[in-house]
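What follows is a single structure, written as structure tokens, with notes after it.
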Amino acid sequence: MLTEERFNAILSILEGKKAVTVQELASLLEISESTVRRDLNTLSNQGRLNKVHGGATAKKSDSGVISTEEDIKTKSTHYMAEKERIGKYASTLIRNDDFVFIDAGTTTEKLINYIPSTSKATFVTNGIVHAKKLIYKGLRAFVIGGELKLTTEAIVGVTAVENLGKYNFTKCFLGANGIDKIRGLTTPDIDEAILKNRAYENSYITYVLADSSKFNRVFAVSFGAMNRTCIITDKLSDEEYKTYTIVKEVGE
């Protein structure tokens, strides 16, 4: 892993955890503790994090806007049980005559685990892992062409958006990094935001699959308004969101 890649990975992990130890970073990134300490010193000198004894804490943004993102491996370790429940419920919304888009992401991936192999629906996805899972289950699936983004294993870019624009979906299932009453649905990556927006615009019904940690967070790019979606989450701590759109809670 190159130095700048390590820096980005450390900052992404901090964005999610807010605080992390040297040992945790060494384990997650599969590098030595001495390398972690050296990287933390550099990032601290650059003003990109707060170095503390035994680790680091995230540096709070004055704007409240988040511009970094964890890689797919790190994301997959967060809120695992909650994502399973969200995916399981979302699978019950798919009918045999549906033409479905499934967004790349760790929560939308769980949805595929619960789609019956006997389903007659047709699926389109920009997720590499998602496409494999759909095909291995014997489901009819298409993967759009475009640029592959390594950190999220998603296909994005101009070509991907053009390909997606040819389709009209009965339902789409999107992931979101942040959900906010004012800024709506957000993500840190411009290319992913454009693609999500195209799927959102080309779908009769849009479902957003997001665990409770995504609420009251704003990332750099907005891709849709809440009032045109149904949000499926594990639990909702702020009931005011239900005045903006339909929110389905699937907690234990």
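In the hydrophobic clustering (ILVMFWY side chains linked at under 4.5 Å, chained through shared members), I102 is joined by I86, Y89, L93, I94, V100, L111, I112, I115, F123, L134, L139, F173, Y204, I205, Y207, L209, I232, V250. Clustering of Ile, Leu, Val, Met, Phe, Trp and Tyr side chains at separations under 4.5 Å leaves I246 isolated, with no partner residue.
L148 is connected to V161 through a chain of hydrophobic side-chain contacts under 4.5 Å among Ile, Leu, Val, Met, Phe, Trp and Tyr, so both are in one cluster. Two different hydrophobic clusters hold V124 and V129 under the rule that ILVMFWY side chains link at heavy-atom gaps under 4.5 Å. A continuous path of Ile, Leu, Val, Met, Phe, Trp and Tyr side chains, each step under 4.5 Å between heavy atoms, connects I144 with F99, placing both in one hydrophobic cluster. If you chain together hydrophobic residues whose side chains sit under 4.5 Å apart, V158 and V156 never meet in one group. Transitive grouping of hydrophobic side chains (ILVMFWY, heavy atoms separated by less than 4.5 Å) brings F142 and L174 into a common cluster.
The neighbour count for E239 CD, taken as heavy atoms of other residues, nucleotides or ligands under 6.0 Å away, is above 12. Annotation: Y114, atom OH; neighbour count of heavy atoms from other residues, nucleotides and ligands within 6.0 Å is above 12. Summarising the local packing, CZ of R228 is surrounded by more than 12 heavy atoms from other residues, nucleotides or ligands at distances under 6.0 Å.
Remark: side-chain polar atoms of D234 are paired, donor with acceptor, to backbone N or O of S212 under 3.5 angstrom. With S12 contributing its side chain and N8 its backbone, the two residues share a donor-acceptor pair below 3.5 Å. Not a single donor-acceptor pair under 3.5 Å links the side chain of T108 to the backbone N or O of G175. The closest donor-acceptor contact from the side chain of E153 to the backbone of I128 lies at 3.5 Å or more, if one exists at all. One N or O on the side chain of H130 and one on the backbone of G105 form a donor-acceptor pair closer than 3.5 Å. Judged purely by atom type and a 3.5 angstrom limit, Y241 uses its side chain to pair as donor or acceptor with the backbone of N216. N96 places a side-chain N or O within donor-acceptor distance of the main-chain N or O of K120, the cut-off being under 3.5 Å.
Considering CG of L49 and CG of N41, their distance stands at 9.5 Å, rounded to 0.5 Å. Taken to the nearest 0.5 Å, the CG atom of L185 stands 6.0 Å off from the CD1 atom of I231. With rounding to the nearest 0.5 Å, the separation of CE in M226 from CD1 in I182 is 9.5 Å. How far OG1 of T206 is from CZ of F169: 10.5 Å, rounded to the nearest 0.5 Å. The structure places CZ of R183 at 15.5 Å from NZ of K181, a figure rounded to the nearest 0.5 Å. Separating the CD1 atom in I179 from the OG1 atom in T229 is a distance of 7.5 Å, to the nearest 0.5 Å.
In summary, K149 and D191 do not engage in a salt bridge, as defined by a charged side-chain N under 4.0 Å from a carboxylate O. Looking at E84 and K88, no side-chain N of the basic residue comes within less than 4.0 Å of a carboxylate O on the acidic one, giving no salt bridge. Taking a cutoff of 4.0 Å between a charged side-chain nitrogen and a carboxylate oxygen, E109 and K132 do not qualify as a salt bridge.
Here the side chains of E249 and K242 are in contact, with some heavy-atom distance below 4.5 Å. In this structure the side chain of L164 never reaches within 4.5 angstrom of the side chain of N202, judged on heavy atoms. Residues T42 and F7 are in side-chain contact: their nearest non-hydrogen atoms beyond the backbone lie under 4.5 Å apart. Side-chain contact between D189 and F219: absent, with no pair of heavy atoms (C-beta onward) separated by less than 4.5 Å.
Side-chain N/O atoms of D211 and S213 include a donor and acceptor closer than 3.5 Å. A side-chain N or O of T106 and one of K83 form a donor-acceptor pair less than 3.5 Å apart. Donor-acceptor pairing under 3.5 Å is recorded for the side chains of K133 and N113.
Nearest heavy atoms, G127 versus A104: CA-CB, 3.8 Å. Closest approach of V221 to A193, counting heavy atoms only: CG1-CB, 3.4 Å. L14 and A56 get closest at one heavy-atom pair: CD2-O, 3.6 Å. Nearest heavy atom pair, residue A141 against residue I135, reads CB-CG1, 4.4 Å. Nearest heavy atom pair, residue T159 against residue G146, reads CB-CA, 4.1 Å. In terms of heavy atoms, S222 sits closest to T186 at OG-CG2, 3.5 Å.
For D98, the side chain to side chain donor-acceptor pair (under 3.5 Å) partners two or more places apart in sequence, or in a different chain, are T170, K171.
The ring of Y200 has its center no closer than 6.0 angstrom to the ring center of F223.
Here the options are N126, N177, T152, the test is side-chain hydrogen bond (donor to acceptor under 3.5 Å, both in side chains), and the partner is E192; only T152 passes.
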